[in-house]
Participant: 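Handing you this structure, nothing more for now.
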There are 2 protein chains.
Amino acid sequence: MVTAAQRGQEVRQRLLRAAAELIVERGWTAVTTRVLAQRAGVAPGLVHYHFTSVQALLVEAAVDAARSLAAQTGPVLAGAHTASEVLTALWGSLDTVSGTDPTSVLFVEAYLAATRDERLRQALGEAIGLFRGQLAERLAAHAVPDPEATAAVLAAAIDGVLLHRALVAGPSGDALAAVLRRLVTPGSEDAR
Amino acid sequence: MVTAAQRGQEVRQRLLRAAAELIVERGWTAVTTRVLAQRAGVAPGLVHYHFTSVQALLVEAAVDAARSLAAQTGPVLAGAHTASEVLTALWGSLDTVSGTDPTSVLFVEAYLAATRDERLRQALGEAIGLFRGQLAERLAAHAVPDPEATAAVLAAAIDGVLLHRALVAGPSGDALAAVLRRLVTPGSEDAR
DNA sequence: ACCCTCCTTGGTCGAATGCCCAAGGCGACT
DNA sequence: AGTCGCCTTGGGCATTCGACCAAGGAGGGT
């Protein structure tokens, strides 16, 4: 078949994957043309053949990651049949996460870079909005009061916990989840 | 009479202030020797006279900012006489904050840089721990259950809200505060 | 008046940066 | 078999980077 074009797309994907790795390891603005090429196992010139600039490559990698993660949230939330289960489902997929894991760092790096890149800011904003919307819908379905603001707080708390975990040890994930459960089950004492 | 040593300290302070500004504007790894010197209004060589490296200057600037902010939290929290007031005091000093304001961005930049600099990680971790501790103490004094985990969630939610605000509009600060109030006043409906 | 210490200047170093380009390769079509 | 188009190579360009340093103030203490 079309070997040249296919291999081209393959190289493109390898560069995107390399970008996601290097953003985490080095920080957004410290990812360079040559290191990208080396990590992807290709010649340096290919970076500017497939992408208009290093920045464009980084943005595309981050947007891809955001879209990919947002696509996963729907199925996860759909399986929950009570408000408490919604939180359990959310938190469960998070407790495996240390705060210094690649995914967390990549997202925080992207958040920051977005304050200096309008296109990236918009794409990440959409991802957050989508996540909030899905979450609010599930909360509303289970009679949680003020679902939109609650969803916003939950989403923010999750990202904040990741941020803090990267810096200092804190209460266990179970203890934090118990606290957050107060948000979705008002009026009842937590069952710890 | 202004001694040479005094002027030297003055220049040092100017460099630290310039660093805090430039970290926000350009991103941690994009702050360079020459831009630092220009912003501080001094010769480029002075950067490496007063500091062993650019990285050391950035770290010191960030740690100073963290200590300064942590020093402010005590008085703010002390004035609150109910659990609800604690939250109001916390949130009030935060609602003037856009999420893209210099202080927020500086801290998130520092958080990220800390994942790659052990000394910075430790200093910021201490600041977070101190904040959590003060907050937990106030919460415990007002009979909030599980004060430590609650304080951790509140602190994380605050940072998370700042992070999200920089990217996308969301519910008003009042609406978010009402949701968080459920954490500190369990069993009572929010008064909106 | 003299040193002595500290601060300051402006330039230089090798290395690394982003981006570009002429030349070559290689499979898919006619 | 020959042409075409896309992908790939490796080097080159001007620029900027962090770090360094010799030389020059400038004031305090003796």
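The figures that follow rest on heavy atoms only: side chains count, while hydrogens, waters and symmetry mates do not. The chains referred to below are lettered A, B, ... by the order of the sequence lines, with proteins before strands, and numbering in each begins at 1.
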Participant: Between A/P44 and B/S53, who's closer to the 5' end of DNA chain D by nearest nucleotide?
Facilitator: A/P44
Participant: When you compare the side chain of B/V24 with that of B/E109, does any pair of heavy atoms fall below 4.5 Å?
Facilitator: no
Participant: Roughly how many Å is it from NE2 in B/H50 to C1' in D/dC21, rounded to a whole number?
Facilitator: 16 Å
Participant: Check every strand shown and say whether A/V11 touches a base, only sugar-phosphate, or nothing at a heavy-atom separation below 4.0 Å.
Facilitator: sugar-phosphate
Participant: Considering every strand and a 4.0 Å limit on heavy-atom distances, what is the contact class for A/V35: base, sugar-phosphate, or nothing?
Facilitator: nothing
Participant: Quick check: does any side chain N or O of A/R39 sit under 3.5 Å from a backbone N or O of A/L22, one acting as donor and the other as acceptor?
Facilitator: no
Participant: Side chain of B/A43, heavy atoms from C-beta onward: which of C/dT9, D/dT8, D/dA19 has the nearest atom to it?
Facilitator: C/dT9
Participant: Show the numbers, then the answer: is there a side-chain contact (heavy atoms from CB on, under 4.5 Å) between B/V31 and B/E21?
Facilitator: CA-CA 10 Å; B/V31 179; B/E21 292 176 18; over 6 Å; no
Participant: Could you state the CG-P distance from B/L46 to C/dG11, rounded to the nearest angstrom?
Facilitator: 15 Å
Participant: Please report the distance, rounded to the nearest Å, between CD in A/Q38 and C1' in C/dG18.
Facilitator: 17 Å
Participant: Does A/T33 have a side-chain nitrogen or oxygen under 4.0 Å from the phosphate oxygens OP1 or OP2 of C/dT17?
Facilitator: no
Participant: If each of A/G8 and B/T32 is mapped to the nucleotide of DNA chain D with the nearest heavy atom, which maps nearer the 5' terminus, i.e. the 5' end?
Facilitator: A/G8
Participant: Strictly distance-based, threshold 3.5 Å: is any side-chain N or O of B/R132 a donor or acceptor partner for the main-chain N or O of B/A152?
Facilitator: no
